[in-house]
Trainee: 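Pasting a structure below so you can have a look.
Because the structure is predicted, anything quoted here is derived from the model rather than measured.
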Amino acid sequence: MHLESRSLIKKFGSRTVVDRISVRIDKGEIVGLLGPNGAGKTTAFNLLTGVYHPTTGEILFKDKSIVGLSPYQITARGIARTFQNIRLFGELSVLDNVKIAYHCHMN
């Protein structure tokens, strides 16, 4: 098992945005998350990457909890996300953009 969430709930005030998401993603799997606008897809990714902390539930990576860790700590463990804006550094080559994304793995 590589990444697993168990009964994730995220509330903002009285509004429940993510309601009991449980998922298991094994090493090497490619998965997608589909849903209409406002369904909580981005919030789910933000939970898995540490941008938000769950109201309740567990997130395990390599059988260890990552709940409460900062995004940079989660990235250092091997989980990172990309954004829809594909022109973050338009003046750089594709290779240079990839190198920037890989910086956290460099010594």
Trainee: Name all residues meeting the side-chain hydrogen bond (donor to acceptor under 3.5 Å, both in side chains) criterion together with Ser65; count only those two or more places apart in sequence or in a different chain, and write none if there are none.
Mentor: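 For Ser65 there are no side-chain hydrogen bond (donor to acceptor under 3.5 Å, both in side chains) partners, ignoring immediate neighbours.
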Trainee: Under the rule for side chain to side chain contact (heavy atoms under 4.5 Å, CB included), what residues qualify as partners of Leu34, not counting sequence neighbours?
Mentor: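 Expected list: none.
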Trainee: Is any NZ, NE, NH1 or NH2 atom of the basic residue among Lys27 and Glu29 found under 4.0 Å from an Asp or Glu carboxylate oxygen of the other?
Mentor: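 Salt bridge between Lys27 and Glu29, a charged N being under 4.0 Å from a carboxylate O: no.
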Trainee: Name all residues meeting the side-chain hydrogen bond (donor to acceptor under 3.5 Å, both in side chains) criterion together with Asp19; count only those two or more places apart in sequence or in a different chain, and write none if there are none.
Mentor: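 Applying side-chain hydrogen bond (donor to acceptor under 3.5 Å, both in side chains) to Asp19 gives none.
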Trainee: How long is the straight-line distance from OG1 of Thr56 back to CZ of Arg6, given to the nearest 0.5 Å?
Mentor: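 Taking CZ in Arg6 and OG1 in Thr56, the distance rounds to 14.0 Å.
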Trainee: Give, for atom CZ of Phe61 and atom CD1 of Ile79, the distance between the pair rounded to the nearest 0.5 Å.
Mentor: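 Nearest 0.5 Å value for the CZ-CD1 distance: 4.5 Å.
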Trainee: Would you mind reporting whether Thr16 and Lys10 have side-chain heavy atoms less than 4.5 Å apart?
Mentor: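 SC-SC contact between Lys10 and Thr16 ruled out.
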Trainee: Who pairs with Phe12 by ring pair (Phe, Tyr, Trp, His ring centres under 6.0 Å), at least two apart in sequence or on another chain?
Mentor: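 Checked Phe12 against ring pair (Phe, Tyr, Trp, His ring centres under 6.0 Å); matches are Tyr52.
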Trainee: Can you sort out the partners of Ser70 under side chain to side chain contact (heavy atoms under 4.5 Å, CB included), two or more places apart, ordered by chain and number?
Mentor: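 Ser70: side chain to side chain contact (heavy atoms under 4.5 Å, CB included) contacts with Tyr72, Gln73.
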Trainee: Would you give the length of the straight line joining atom CG of Asp26 to atom CG of Leu3, rounded to the nearest 0.5 angstrom?
Mentor: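 Spacing of CG (Asp26) from CG (Leu3) equals 10.0 Å.
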Trainee: Drop me the distance from Glu58's CD to Ile66's CD1, to the nearest 0.5 angstrom.
Mentor: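 Atom-to-atom, Glu58:CD and Ile66:CD1 are 11.5 Å apart.
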Trainee: Calculate, to the nearest 0.5 Å, the distance between atoms CG and NZ belonging to Leu60 and Lys64 respectively.
Mentor: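 Going from CG on Leu60 over to NZ on Lys64, the span is 11.5 Å.
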Trainee: For the pair Ile9 and Arg20, evaluate side chain to side chain contact (heavy atoms under 4.5 Å, CB included) and give the outcome as yes or no after the intermediate values.
Mentor: CA-CA 5 Å; Ile9 296 174; Arg20 295 176 303 225; 4.0 Å; yes
Trainee: Which atom pairs, donor and acceptor, lie under 3.5 Å between side-chain atoms of residues 39-47 and protein residues at least two apart or in another chain?
Mentor:
| unit_1 | atom_1 | unit_2 | atom_2 | d |
| --- | --- | --- | --- | --- |
| Lys41 | NZ | Gly35 | O | 2.8 |
| Lys41 | NZ | Pro36 | O | 2.9 |
| Asn46 | OD1 | Arg81 | NH1 | 2.6 |
| Asn46 | ND2 | Thr42 | O | 3.4 |

Trainee: Would you say the side chain of Ile74 lies within less than 4.5 Å of the side chain of Pro71, judging by non-hydrogen atoms?
Mentor: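 Not in contact.
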Trainee: Compare every heavy atom of Leu48 with every heavy atom of Leu8, then report the nearest pair and how far apart it is.
Mentor: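 It is CD1-CD2, 4.4 Å.
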